[in-house]
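What you see below is based on every heavy atom in this structure, not just the backbone, and it leaves out hydrogens, waters and symmetry mates. The residues of the chain are indexed from 1 along the displayed sequence.
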Amino acid sequence: MTSYAGKLRLGVNIDHVATVRNARGSAYPDPVRAARIAEEAGADGITAHLREDRRHISDADIDRLMEQLALPLNFEMAATAEMQAIALRHRPHAVCIVPERREERTTEGGLEVAREENRLAHFIAPLREAGCRVSIFIAADRRQIEAAHRIGAQVVELHAGAYCDFHAEGRLEERDAELARMREMATFAHGLGLEVHVGHGLTYDTVQPVAALPEVMELNIGHFLIGEAIFLGLAPAIAEMRRLMDDARA
């Protein structure tokens with residue numbers, strides 16, 4: 001069973017550095033440079049989502065990250081043959097299987113594992129054999145956690161979007177109920193021997209209650225940090241998130 005021991009890890013998602021770059025079709029800002037700054041500022045890993053439509057991170061970005069990155073790379077990807085082949089070619093430290101729809105602005109929910117157990121079990125088996133840590137991005141739902149465990153995932157990343165949205169909308173009772181559900185499902189997943197991560201939508205205002213959950217070993221945060229970097233700079237934005245996480249965990 002996964003131990004509670006160790007520092008809560010921060011994974012910084014650099015997708016939206018590439019979004020800004022691609023808006024002008026230029027070579028900057030460079031997501032690889034952002035990854036190096038994130039490392040200096042206290043990040044424990046880098047997350048990049050190579051979408052099927054290549055709307056932000058590109059194949060060349062993944063090539064350069066694998067060549068130049070000192071931190072572990074968490075490669076977010078849809079469960080497609082194209083993405084599996086890319087992951088098997090690069091063999092990143094971790095792969096996180098996420099749902100993906102062309103029309104969505106961002107990943108809108110967790111993966112439906114329970115309905116696709118057989119396909120996903122066969123999909124992730126070669127990735128595990130290649131030495132990648134396999135994570136499944138899911139809602140904080142017992143049925144999905146059980147399915148992720150059955151197919152052989154090593155990690156579940158719980159979708160924090162509803163919790164963060166309720167907070168932003170001032171729906172505090174619903175926010176607190178969602179946090180309680182995440183707490184319960186983090187404990188449940190940990191009891192199955194899964195490592196528990198949380199991601200999507202976390203901000204300075206919402207991170208500490210999640211960071212305080214003892215079963216959670218990693219938070220993956222991107223859009224908010226890139227947004228704050230406009231005002232603070234990327235390194236100070238990440239350092240403040242790291243401080244809030246550490247204070248909550250202490």
Side-chain angles (χ1 to χ4, degrees), residues 10-69 71-80 82-83 86-87 90 92 94-111 135 137 157 159-162 164-165 168 197-207 218-242:
L10 171 60
V12 173
N13 186 314
I14 58 170
D15 290 355
H16 296 299
V17 177
T19 299
V20 176
R21 175 195 63 193
N22 296 353
R24 286 289 295 267
S26 67
Y28 57 85
D30 179 10
V32 178
R33 181 183 177 194
R36 290 196 292 265
I37 292 170
E39 179 177 20
E40 294 169 2
D44 302 291
I46 298 298
T47 293
H49 182 178
L50 184 66
R51 281 182 170 266
E52 292 182 86
D53 62 7
R54 308 304 199 268
R55 70 177 67 167
H56 37 60
I57 293 295
S58 69
D59 298 76
D61 293 330
I62 298 298
D63 292 343
R64 293 175 59 228
L65 286 165
M66 289 300 302
E67 290 170 2
Q68 300 179 34
L69 194 61
L71 291 176
L73 177 65
N74 176 35
F75 179 51
E76 285 191 354
M77 55 185 257
T80 67
E82 179 195 22
M83 293 301 155
I86 293 168
H90 288 295
V95 294
C96 184
I97 313 302
V98 301
E100 187 175 314
R101 296 187 302 120
R102 292 287 179 98
E103 64 271 23
E104 69 187 0
R105 285 182 296 176
T106 185
T107 307
E108 294 173 348
L111 192 67
S135 174
F137 187 64
E157 181 166 337
H159 190 299
C164 295
D165 288 344
H197 300 174
V198 177
H200 198 87
L202 292 168
T203 68
Y204 294 152
D205 292 334
T206 57
V207 71
E218 182 172 305
L219 303 180
N220 285 297
I221 306 174
H223 183 263
F224 175 79
L225 290 174
I226 303 309
E228 282 299 292
I230 295 171
F231 305 104
L232 304 178
L234 184 56
I238 293 169
E240 175 62 7
M241 186 65 77
R242 174 82 267 166

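With hydrogens and angles disregarded, no donor-acceptor distance shorter than 3.5 Å links the side chain of Asn220 to the backbone of Gly199. In this structure, the side chain of Asp165 does not engage the main chain of Ala162 through any donor-acceptor pair within 3.5 Å.
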Under 3.5 Å donor-acceptor pairs involving side-chain atoms of residues 222-239, not counting sequence neighbours:
none

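Taking the ring-ring contact (aromatic ring centres under 6.0 Å, His included) definition, one finds that His56 meets it with His16, sequence neighbours left out. In this structure Arg36 satisfies the salt bridge (charged side-chain N to carboxylate O under 4.0 Å, His left out) test with no other residue, sequence neighbours excluded.
Residue Glu39 holds its CD atom at 7.0 Å from CG of Leu69, rounded to the nearest 0.5 Å. Going from atom CD1 of Ile221 over to atom NE2 of His200 covers 12.0 Å, rounded to the nearest 0.5 Å. Annotation: the span from Asp44 atom CG to Leu10 atom CG amounts to 6.0 Å, rounded to 0.5 Å. In this structure, Glu218 CD and His197 NE2 are separated by 4.0 Å, a value rounded to the nearest 0.5 Å.
His90 and Asp63 share a side-chain donor-acceptor pair at under 3.5 Å. Side-chain contact of Asn13 with Thr47: a donor-acceptor pair under 3.5 Å is absent, judged by distance alone.
Heavy-atom minimum distance, Val32 versus Gln68: CG1-OE1, 3.6 Å. Considering every non-hydrogen atom in both Val198 and Ala160, the closest pair reads CG1-CB, 3.7 Å. A pairwise comparison of heavy atoms in Cys164 and Thr206 identifies SG-OG1, 3.8 Å as the closest pair. Between Arg21 and Ser58, the closest heavy-atom pair is NH2-OG, 4.1 Å.
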Criterion side-chain contact (heavy atoms from CB on, under 4.5 Å) on Leu65 and Ile14, from CA distance to verdict: CA-CA 11 Å; Leu65 286 165; Ile14 58 170; 4.0 Å; yes
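For Asp59 and Arg54, the salt-bridge test passes: some basic side-chain N is under 4.0 Å from an acidic carboxylate O. Ion pairing between a basic and an acidic side chain is recognised when a charged N comes within 4.0 Å of a carboxylate O; Asp53 and Arg51 show no such pairing.
Counting heavy atoms from C-beta outward, Leu50 and Ile57 have side chains that approach closer than 4.5 Å. Considering only heavy atoms from C-beta on, Pro92 stays 4.5 Å or farther from Met77 through its side chain. Taking the side chain as every heavy atom from C-beta outward, Val17 and Asp30 never approach each other to under 4.5 Å.
Atom CZ of Arg33 sits in a sparse spot, with 12 or fewer heavy atoms from other residues, nucleotides or ligands closer than 6.0 Å.
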